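Since this is a predicted model, take the numbers as computed values, not measurements.
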Amino acid sequence: MNTYFPGRWIGGATLVLGPVVMCAGYLLRYLSTITALTPQQQAWAEAQPFAAYGQLLAYTSEPALLTLSYAVFALGAVLLFPAFVALAQRVGGGLAFWGATLLVAGLFSRLYSAGADQTAFQLTEVIGLDQATNAIMNEYVDISYGPWRGKVWASVGQYAGSLLLAVAAWRSGVFGTARALMLLLAGGTWMGVLKAASIPDALVTALLCVALVPLGVRMLRDRLPVPAGRPRVLSW
C-alpha cells in the first residue's frame, strides 16, 4: 500500500477524514443558512429562481458562519481527492481508475465553485448586497459554467465516476452491494456556485462515511481484507 500514491497513511487518513469533513460541510452550510436568515427571509429566498440570492443574503447576516461552512465544505473536497485514489488503488483495474479519475475531476469542479463563492461573498462587502447580487446574477451562468464550460464537464465526472467506481468496488468484492450503493448515492449530490445545502445532502454524505471510514481504519491498521471477487446481490 505504500508503493503508489497516496500510500497507506495518507490514503487511510483521508478515507476516514474526507467523507466526515464533507458531511460536516453539508450540515454546516444548511445550519448556517437557516441560522442567518429569518423565516421571512427564508421564504423570500425559496421563492427566487436560484439559491444564490439566499446565500448572499445569509452571508451579509452571518459572514463568519457562512465562511466557516463553505471552508469546511471545500476542505472536504480536498481530502476526498486522495481518498478516492486510495479506494481505486485498493479495488484495482481500469474501471476503478477511470472512476476515480472522473470523481477527482468532479472535486476540482467543487473547488472552482469554492473560489467563485468566496469572490461573490467578498463582492458584497465591497459594493454592498444589492449591487453585488445584481452583478452576480446578471452573469451567473457564465460564472457557474466557467471558461469554455470546463467546469461543467469536470462536474459530470462526479456522477459518472461514482457509478464506475461503485461498480468496480462491487465487482472486486471490496464493497458489497450496500456500500457500493452508498458510494453511488453520494455521487448524486448537487454541484454548482452558491448552492444551498439540505438535510438529505448531509444524510447521503453520511452514508459515504459508512462506506469509506471502515476501509480507512483497516488501511491504517494494515489489516485490509483480500478482495473476494463479485459478492452476492445482498451483501454489505
Side-chain angles (χ1 to χ4, degrees), residues 1-29 69-114 154-176 178-191 197 201-225 227 236:
M1 288 304 299
N2 284 314
T3 304
Y4 299 104
F5 174 81
R8 170 189 166 196
W9 294 108
I10 296 174
T14 53
L15 280 166
V16 173
L17 293 175
V20 172
V21 174
M22 180 62 81
C23 183
Y26 275 113
L27 187 58
L28 282 172
R29 284 179 71 152
S69 65
Y70 275 70
V72 172
F73 185 83
L75 178 59
V78 172
L79 291 172
L80 281 175
F81 167 26
F84 287 141
V85 174
L87 175 58
Q89 290 283 1
R90 181 57 189 163
V91 172
L95 195 63
F97 295 159
W98 274 107
T101 299
L102 292 171
L103 272 172
V104 169
L107 294 175
F108 288 168
S109 177
R110 289 195 183 277
L111 291 178
Y112 170 93
S113 295
S155 67
V156 173
Q158 175 182 296
Y159 309 108
S162 61
L163 174 61
L164 294 180
L165 189 54
V167 171
W170 179 79
R171 290 179 61 187
S172 69
V174 171
F175 282 174
R179 283 181 292 171
L181 287 175
M182 290 175 185
L183 175 61
L184 181 60
L185 287 173
T189 53
W190 49 260
M191 305 277 287
D201 295 324
L203 291 176
V204 168
T205 313
L207 294 179
L208 186 64
C209 297
V210 175
L212 297 185
V213 169
L215 180 64
V217 171
R218 299 194 71 166
M219 186 176 294
L220 290 172
R221 298 178 66 187
D222 200 18
R223 295 183 178 180
L224 286 172
W236 174 246

Checklist entry - How about Trp170 and Leu183: do any of their side-chain heavy atoms sit closer than 4.5 Å? => result no
Checklist entry - Under 4.5 Å between any side-chain heavy atoms of Val213 and Val217, yes or no? => result yes
Expected list for residues 11-27: side-chain donor-acceptor pairs under 3.5 angstrom, two or more places apart:
unit_1 : atom_1 : unit_2 : atom_2 : d
Thr14  : OG1    : Ile10  : O      : 2.7
Thr14  : OG1    : Gly11  : O      : 3.2
Thr14  : OG1    : Ala83  : N      : 3.4
Tyr26  : OH     : Arg110 : NH2    : 3.2
Tyr26  : OH     : Thr189 : OG1    : 2.9

Minimum heavy-atom separation for [X] and [Y], please, with both atom names.
X	Y	value
Ala96	Ala88	O-CB, 3.6 Å
Phe5	Gln89	O-NE2, 3.7 Å
Leu184	Leu163	CD1-CA, 3.6 Å
Arg179	Val210	CD-O, 4.5 Å

Measure the [atom1]-[atom2] distance between [X] and [Y] for me, rounded to the nearest 0.5 Å.
X	Y	atom1	atom2	answer
Leu164	Trp98	CG	CH2	9.5 Å
Met182	Leu208	CE	CG	10.0 Å
Leu87	Met219	CG	CE	8.0 Å
Leu102	Gln158	CG	CD	11.0 Å
Phe73	Leu111	CZ	CG	9.5 Å
Arg29	Asp201	CZ	CG	9.5 Å

Item to check | Any residue meeting side chain to side chain donor-acceptor pair (under 3.5 Å) with Tyr112, in chain and number order, not counting sequence neighbours | outcome: none
Next on the checklist: Please determine whether side chain to side chain contact (heavy atoms under 4.5 Å, CB included) holds for the pair Leu165 and Phe175, giving the CA-CA distance in whole Å, both sets of side-chain angles, and the decisive distance to 0.1 Å.
Outcome noted: CA-CA 10 Å; Leu165 189 54; Phe175 282 174; over 6 Å; no
Checklist entry - So, the side chain of Arg218 versus the backbone of Arg223: is there a donor-acceptor pair under 3.5 Å, distance only? => result yes
